There are 2 protein chains.
Amino acid sequence: MSKKWGFGADTPAAGVEEILKMLEGRWKLVILFHLFGGQVKRFSELERAIDGISQKMLIQQLRQMEADGIVRRIVYHQVPPKVEYCLTDWGQSLCPALDALLKWADLRPLPAPTGEMADN
Amino acid sequence: MSKKWGFGADTPAAGVEEILKMLEGRWKLVILFHLFGGQVKRFSELERAIDGISQKMLIQQLRQMEADGIVRRIVYHQVPPKVEYCLTDWGQSLCPALDALLKWADLRPLPAPTGEMADN
DNA sequence: CTGGATCCGTGAGGATACTG
DNA sequence: CAGTATCCTCACGGATCCAG
């Protein structure tokens with residue numbers, strides 16, 4: 001590769017931390033993985049799909065991501081209420097990152113020994 | 001694209017959530033970005049570089065990631081103690097994902113309008 | 001069915017002081 | 001310099017009830 005990765009002594013790290021905050025929270029990433037790749041899901045679908053999540057948390061995290069412009073909320077004015085969620089365009093652009101995360105999870109090599117030593 | 005992204009009704013989502021937990025925590029990702037691309041940093045370097053973090057949190061998050069096999073800890077037995085941290089091989093394999101995250105942060109398009117409506 | 005509101009416990013995370 | 005110990009706070013997240 002031509003360009004080294006880092007972000008070291010020379011990098012501003014500007015705004016990145018702010019962005020990272022959007023992905024924090026117990027369920028954010030999990031939800032994103034369920035909306036991955038342009039999927040459109042109803043509230044109840046997500047609730048059923050995500051094991052262990054409560055309504056409150058689901059709502060809360062969805063709303064935060066909506067406010068952050070990551071997910072879109074579509075309300076159908078019907079007698080049996082219906083709300084669907086999907087990623088916004090920007091949210092879609094997260095897919096490569098999510099995909100990379102998925103691939104990373106698949107690697108999972110040996111458990112590294114802790115407490116390595118070295119002499120100067 | 002030939003293969004759709006998802007992870008939808010057909011995907012097990014196996015173990016992914018467990019992996020995601022490794023990246024949770026207020027400072028995990030921030031620290032990773034500072035160890036990005038094979039950088040080796042001392043404890044105090046990280047402490048100074050990461051604005052707002054406390055010693056406790058820095059240690060704690062570093063130790064957790066060490067236990068998870070993401071970062072490596074190198075101790076020099078000297079009178080002025082010296083400890084360095086860097087990514088393990090597996091941790092290094094996270095770089096593409098971190099890089100994608102960085103790129104995503106750069107996009108940051110228009111703020112999506114909240115509360116979109118639709119009729120059935 | 002969706003999802004808002006409220007009460008509440010737990011624990012992650014912050015501040016500070018101390019030790020090897 | 002690196003790490004530990006202690007205390008404390010706040011909001012994350014769970015349960016339950018209520019509303020459109």
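Proteins come first, then strands; the chains are lettered A, B, ... in the order of their sequence lines, and each starts at number 1. Everything numeric in this text was worked out from a predicted model, so none of it was measured.
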Legend entry - Length of the line joining Arg42(B):CZ and dG3(D):P, which is rounded to integer Å: 10 Å

Legend entry - Any donor-acceptor N/O pair, Glu24(A) side chain to Lys21(A) backbone, under 3.5 Å: no

Inset, instruction - Please step through side-chain contact (heavy atoms from CB on, under 4.5 Å) for the pair Leu58(B) and Ile31(B), ending with a clear verdict. - result: CA-CA 8 Å; Leu58(B) 184 51; Ile31(B) 294 173; 3.9 Å; yes

Legend entry - Worked verdict on Val71(B) versus Cys86(B) for side-chain contact (heavy atoms from CB on, under 4.5 Å): CA-CA 6 Å; Val71(B) 311; Cys86(B) 63; over 6 Å; no

Inset, instruction - Let me know the distance between CZ of Phe43(B) and P of dG20(C), rounded to the nearest Å. - result: 18 Å

Legend entry - Lys56(A): side chain to side chain contact (heavy atoms under 4.5 Å, CB included) partners, not counting sequence neighbours: Ser54(A), Gln60(A)

Legend entry - Value in whole Å for how far the P atom of dA2(D) lies from OH of Tyr76(B): 12 Å

Legend entry - Separation of atom CD in Glu24(B) from atom C1' in dG13(D), rounded to whole Å: 12 Å

Inset, instruction - If a protein heavy atom is under 4.0 Å from the base, mark B; if only from the sugar-phosphate, S; if neither, -; do that for nucleotides 14-20 of chain D going 5' to 3'. - result: BB----B

Inset, instruction - Indicate whether OP1 or OP2 belonging to dG3(C) is found under 4.0 Å from a side-chain N or O atom of Tyr85(A). - result: yes

Legend entry - Atom-to-atom span, CD of Gln60(A) to C1' of dT2(C) - whole angstrom: 16 Å

Legend entry - Atom-to-atom span, CG of Leu58(A) to P of dG4(C) - whole angstrom: 11 Å

Legend entry - Glu66(A) bridged to Arg63(A) by N-O distance under 4.0 Å: yes

Inset, instruction - Determine the interplanar angle of the Trp104(B) and Trp90(A) rings, folded into 0 to 90°, and report it as parallel if under 30°, tilted if 30 to 60°, perpendicular if over 60°. - result: parallel

Legend entry - Relative orientation of the end axes in the helix from dC1(C)-dG20(D) to dG20(C)-dC1(D), expressed as an angle to the nearest 10° (five pairs per end): 50°

Legend entry - Which atom of Gly91(B) lies closest to which atom of Leu87(B), heavy atoms considered: O-CD1, 3.8 Å

Inset, instruction - State, without any angle test, whether Glu84(B) and Tyr76(B) hold a side-chain donor-acceptor pair at a distance under 3.5 Å. - result: yes

Inset, instruction - Send over the distance from Ile59(B) CD1 to dC18(C) C1', rounded to a whole Å. - result: 15 Å

Inset, instruction - Answer yes or no: is there a donor N or O on one side and an acceptor on the other, between the side chain of Gln64(A) and the main chain of Gln61(A), under 3.5 Å? - result: no

Legend entry - Phosphate OP1/OP2 of dT4(D): any Arg63(B) side-chain N/O under 4.0 Å: yes

Inset, instruction - Establish, with yes or no, whether the OP1 or OP2 oxygen of dA12(C) is under 4.0 angstrom from a side-chain nitrogen or oxygen of Gln61(B). - result: no

Inset, instruction - Give the rounded distance in Å between these two atoms: NZ of Lys21(B) and P of dC12(D). - result: 16 Å

